[in-house]
Amino acid sequence: MVLTTEFERVELPLADEFTISRGSQSVAENVVVRVSDSAGMTGVGAAAPSRHYGETADTVEAVLPELLAVVEEVGDPHALDRIERRLRKTVHDNPAARAAVSIALHDLAAKRLGVPLYKLWGLDPDESPKTSFTIGLDTTERVREKTKEAVEAGYPILKIKLGTDRDEELLEAVRDAAPDTTLRVDANEGWTPREAVRKCELLAEYDVEFVEQPVPAEDPEGLAFVYERSPLPIAADESCVTLEDVPAVADRVDIVNLKLMKCGSLREATRMVHTARAHGLEVMLGCMIETNAAIAAACHLAPLLDYADLDGSLLLADDEYEGVDLTDGEIRLGDLDRSGTGAK
Ligand SMILES: [Mg+2]
């Protein structure tokens with residue numbers, strides 16, 4: 001079969017400047033990938049490269065020709081395992097670039113079969129947890145306003161970015177503006193182990209559900225230290241990037257936060273989910289700041305998850321792709337009226 005491929009860099013302005021403990025951004029650069037078959041059907045995917053993991057739109061664009069050459073050479077959008085294995089051998093260290101190709105191929109394969117992606121996997125759309133909505137760091141007043149807006153928009157779960165010297169003040173503002181909302185906290189490696197234990201005790205007083213990445217990924221002993229002393233469950237994000245990291249963190253966290261842009265493929269994400277389960281871990285699927293061309297695919301894994309953090313496209317000022325309906329945080333896979341990932 002003849003498959004044709006193309007890619008395009010897109011600049012995605014954010015609705016609001018987005019700040020975490022490591023820095024701020026007002027634009028996200030994604031690279032959209034399209035794979036078309038000879039009947040004119042097109043699968044779409046996107047890379048949302050993260051500098052933290054060594055990728056930029058430039059590195060994605062640099063390796064995509066090699067990756068897409070593999071797709072064209074194999075020439076079968078249903079040979080997903082074979083293509084992904086070869087992609088991994090071709091460029092091992094560029095997971096966001098590989099994820100874009102994986103997503104586009106899965107979209108095309110499901111479209112050719114005329115089913116939404118979750119049906120291709122036999123998943124139950126009614127099992128999807130709701131997604132959280134993220135409140136980035138900002139002045140305390142702005143955090144309070146953003147929280148109010150999110151509550152008014154109907155989001156039942158908020159993820160708060162902390163890791164500052166104003167953590168308690170921010171938390172108080174959020175709790176005040178969202179007294180009945182489920183709160184999760186992401187420190188993005190912002191605390192020392194001892195500080196993290198104190199913060200977890202404080203967060204427990206504000207009825208926070210769990211804490212993500214309290215300490216730097218380079219400090220696995222620190223993560224164990226926090227896990228053993230924290231009154232709250234601990235999730236690993238920066239500490240859990242690939243499949244091999246799942247067993248490595250299993251004795252020091254309760255939850256792993258997987259991302260397509262870290263692990264490089266939809267199939268690898270599925271393997272990570274099952275590996276995590278085998279180690280007694282709960283599973284969250286997160287995202288970068290991403291167009292729906294990427295997020296829509298992640299939504300189809302939602303029935304396998306305990307927690308979803310798939311708000312990447314909700315943070316954009318506008319997105320040329322529509323995806324799975326996430327109004328008020330519900331991942332409405334069952335309402336999809338089109339095949340593939342639903343990105344259009
Ligand atoms: Mg995180």
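In each ligand, atom 1 is the first atom listed, and ligand 1 is the first ligand listed. Since the model is a prediction, treat every value here as computed from it, not as a measurement.
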[X], N/O/S atom nearest the Mg ion (ligand 1):
| X | result |
| --- | --- |
| Asp186 | OD2 |
| Asp237 | OD2 |
| Glu212 | OE2 |

Practice item. Is it possible for you to check whether Arg229 lies under 6.0 Å from the centre of the six-membered ring of Phe225, through NZ or CZ, and within 45° of that ring's axis? Key: yes
Study note, to complete from the structure: Scanning both residues in full, the closest heavy-atom pair of Tyr227 with Asp251 reads CE2-O, 3.4 Å
**Study point:** Heavy-atom side-chain proximity of Ser265 to Glu84 below 4.5 angstrom
**Key:** yes
**Study point:** Glu189 and Arg22 ion-paired at < 4.0 Å
**Key:** yes
